[in-house]
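Data first, discussion second: the structure below is written as structure tokens.
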Amino acid sequence: PEERAQRHRHLGAALLTLYAENEIVEALAWHFERGGDRPRALRYAQLAADKARRVYANESAIQQYSRALALTREAPLHGNVATEYDLLAGREDCYRLAGNRRAQQADLEAMARLARELGDVARQIEVVNRQVALANSLGNTLDARQAAETALALARQVGERKLEADCLASLGEVCFGLSDYAEAADCYAQALERYRALSHQTGEAFCLWKLGFSTRRLGDTARAQAYY
């Protein structure tokens with residue numbers, strides 16, 4: 001077995017001399033895992049998962065994230081809480097896109113536990129925002145609103161402008177789902193102001209798009225057209 005493991009490690013090292021790393025991350029993860037090189041196996045499994053997620057190959061990404069998560073729970077990698085959180089966050093996003101709500105909820109619960117363990121307020125807020133989006137998609141809008149307001153208060157308390165913008169946009173989504181279009185528009189407008197100050201173009205574009213929808217529902221077609 002040790003001879004075979006060594007052969008896998010040598011093959012992984014040889015591949016790195018022949019190909020660009022990003023082209024062969026899946027093979028590298030496989031060889032280094034079988035070679036017993038857990039740190040490198042984890043690194044390449046995570047890179048393979050991220051690579052698959054970027055091109056919306058959700059099932060492949062989920063498999064790679066699950067593989068990487070299994071490695072984090074083995075010695076000598078056990079206890080790498082921040083890495084475990086990041087892997088769960090990537091997999092949760094894939095479950096969201098694949099429509100697997102039960103698995104998504106399970107990953108969110110695990111992420112919340114790890115964020116508390118880390119004492120990381122930013123990650124705690126990120127989890128709540130994701131939980132808000134899930135609750136909203138399932139029609140649990142009242143629960144979603146309460147969670148969104150809690151996250152917003154926490155973001156303001158720690159003074160994180162990007163997180164505050166994310167929470168305002170999330171709360172806007174909840175209010176829109178509740179048909180409270182005036183409140184939704186106000187949340188999107190506040191989020192837009194913060195995204196602009198941060199030069200965050202993706203957030204800015206999202207808020208402009210949602211402001212168009214909200215003001216149109218309020219009957220103000222001229223303003224809606226301006227936002228579009």
(request) In sequence, state the C-alpha distance, the side-chain angles, and the governing distance for Cys187 and Glu183, and then conclude on side chain to side chain contact (heavy atoms under 4.5 Å, CB included). (result) CA-CA 6 Å; Cys187 289; Glu183 184 66 23; 4.0 Å; yes

(request) Taking the side chain as every heavy atom from C-beta outward, state whether Leu168 and Arg156 have any atom pair closer than 4.5 Å. (result) yes

(message) Using the rule given for side chain to side chain contact (heavy atoms under 4.5 Å, CB included), can you reason through Phe213 versus Tyr188, listing the C-alpha separation, both sets of side-chain angles and the distance that settles it, and then say yes or no?
(response) CA-CA 11 Å; Phe213 274 110; Tyr188 293 134; over 6 Å; no

(request) Might you work through the side chain to side chain contact (heavy atoms under 4.5 Å, CB included) test for Lys51 and Glu26, ending with a clear yes or no? (result) CA-CA 10 Å; Lys51 177 183 172 183; Glu26 300 86 356; 3.6 Å; yes

Would you list the atom pairs, donor with acceptor, under 3.5 Å between side chains in residues 91-98 and any protein atom, with sequence neighbours excluded?
| residue | atom | partner | partner atom | Å |
| --- | --- | --- | --- | --- |
| Arg91 | NE | Asp107 | OD2 | 2.9 |
| Arg91 | NH1 | Ser66 | OG | 2.9 |
| Arg91 | NH2 | Asp107 | OD1 | 2.8 |
| Glu92 | OE1 | Arg130 | NH1 | 2.5 |
| Glu92 | OE2 | Gln104 | NE2 | 2.9 |
| Asp93 | OD1 | Arg96 | NE | 3.0 |
| Asp93 | OD1 | Arg96 | NH2 | 2.7 |

(message) Under a 3.5 Å threshold, yes or no: a donor from one side chain and an acceptor from the other, between Tyr85 and Glu117?
(response) no

(request) Give a yes or no on whether a salt bridge exists between Glu160 and Arg194, defined as a side-chain N under 4.0 angstrom from a carboxylate O. (result) no

(message) Less than 3.5 Å apart, any donor N or O on the side chain of Asp50 or Gln46 sitting next to an acceptor on the other?
(response) no

(message) With a sphere of 6.0 Å drawn around CD of Gln225, does it hold more than 12 non-hydrogen atoms of other residues, nucleotides or ligands?
(response) no

(request) Answer yes when Arg38 and Glu33 have at least one side-chain N-carboxylate O distance shorter than 4.0 Å, and no when they do not. (result) no

Can I get a per-line list of side-chain donor-acceptor pairs under 3.5 Å for residues 140-152, giving both atom names and the distance, sequence neighbours left out?
| residue | atom | partner | partner atom | Å |
| --- | --- | --- | --- | --- |
| Arg145 | NE | Glu149 | OE2 | 3.3 |
| Thr150 | OG1 | Gln146 | O | 3.0 |

(request) Might you work through the side-chain hydrogen bond (donor to acceptor under 3.5 Å, both in side chains) test for Glu21 and Tyr44, ending with a clear yes or no? (result) CA-CA 9 Å; Glu21 180 183 77; Tyr44 290 118; 3.0 Å; yes

(request) Consider only side-chain heavy atoms of I, L, V, M, F, W and Y, link residues closer than 4.5 Å, and tell whether Val25 and Leu18 are in one cluster. (result) yes

(request) Could you tell me whether the side chain of Phe206 reaches within less than 4.5 Å of the side chain of Glu173, counting heavy atoms only? (result) yes

(request) Calculate, to the nearest 0.5 Å, the distance between atoms CZ and CZ belonging to Arg4 and Arg34 respectively. (result) 11.0 Å

(request) Decide whether Met111 and Leu138 are clustered together by the hydrophobic rule: side chain heavy atoms of Ile, Leu, Val, Met, Phe, Trp, Tyr closer than 4.5 Å, transitively. (result) yes

(message) Let me confirm one number: the CG-CD distance from Leu171 to Gln190, rounded to the nearest 0.5 Å.
(response) 9.0 Å

(request) State, yes or no, whether a side-chain contact exists between Pro39 and Asp37 at a heavy-atom distance under 4.5 Å. (result) yes

(message) Go through it in stages, so that I can follow the logic: the residues are Ser137 and Arg101, the test is side chain to side chain contact (heavy atoms under 4.5 Å, CB included), and I'd like the CA-CA distance, side-chain angles, deciding distance and then a yes or no.
(response) CA-CA 10 Å; Ser137 71; Arg101 302 301 179 222; 4.1 Å; yes

(request) Please report the shortest heavy-atom distance between Ala61 and Arg53, naming the atom on each side. (result) CB-N, 3.7 Å

(request) Please determine if Glu126 and Arg123 form a salt bridge, counting it only when a charged side-chain N lies under 4.0 Å from a carboxylate O. (result) no

(request) Evaluate the side-chain proximity of Arg67 to Gln64: yes if any heavy-atom separation is below 4.5 Å, no if none is. (result) yes

(request) Kindly compute the distance separating CG (Leu192) from CH2 (Trp209), expressed to the nearest 0.5 Å. (result) 15.0 Å

(request) Say whether Leu87 and Leu47 are linked into one hydrophobic cluster, either directly or through other cluster members, by side-chain heavy-atom distances under 4.5 angstrom. (result) no

(request) Is it possible for you to say whether Leu69 and Leu42 belong to one hydrophobic cluster, with membership spreading through side-chain heavy-atom contacts below 4.5 Å? (result) yes

(message) Same cluster or not: Leu28 versus Tyr19, using hydrophobic residues (I, L, V, M, F, W, Y) connected whenever any side-chain heavy atoms lie under 4.5 Å apart?
(response) yes

(request) Only counting residues at least two apart or in another chain, list the ones meeting side chain to side chain contact (heavy atoms under 4.5 Å, CB included) with Ala122. (result) Asp120, Leu163

(message) On a heavy-atom basis, which atom in Ala191 and which in Ala169 lie closest, and how many Å separate them?
(response) CB-N, 3.9 Å

(request) Nearest 0.5 Å please: distance from the CG atom of Leu88 over to the CZ atom of Arg113. (result) 8.0 Å

(request) To the nearest 0.5 Å, tell me how far Asn136 CG sits from Phe176 CZ. (result) 10.5 Å

(request) Please round to the nearest 0.5 Å and tell me the distance separating atom SG of Cys167 and atom CD1 of Ile125. (result) 5.5 Å

(message) Is it the case that the side chain of Tyr195 and the backbone of Lys162 share a donor-acceptor pair, with hydrogens and angles ignored and the cut-off at 3.5 Å?
(response) no

(request) Examine distances only and state if a side-chain atom of Ser214 and a backbone atom of Lys210 form a donor-acceptor pair shorter than 3.5 Å. (result) yes

(message) Can you give me the closest heavy-atom contact between Phe32 and Ala13, atom names plus distance?
(response) CZ-N, 3.9 Å

(request) Identify the heavy atoms of Gln131 and Ala112 that sit nearest to each other, and give their distance. (result) NE2-CB, 4.5 Å

(request) Walk me through it: do Arg216 and Tyr227 pass the test side-chain hydrogen bond (donor to acceptor under 3.5 Å, both in side chains)? (result) CA-CA 10 Å; Arg216 193 163 126 196; Tyr227 287 127; over 6 Å; no

(message) Within the 4.5 Å heavy-atom criterion, are Arg40 and Leu16 side-chain neighbours or not?
(response) yes

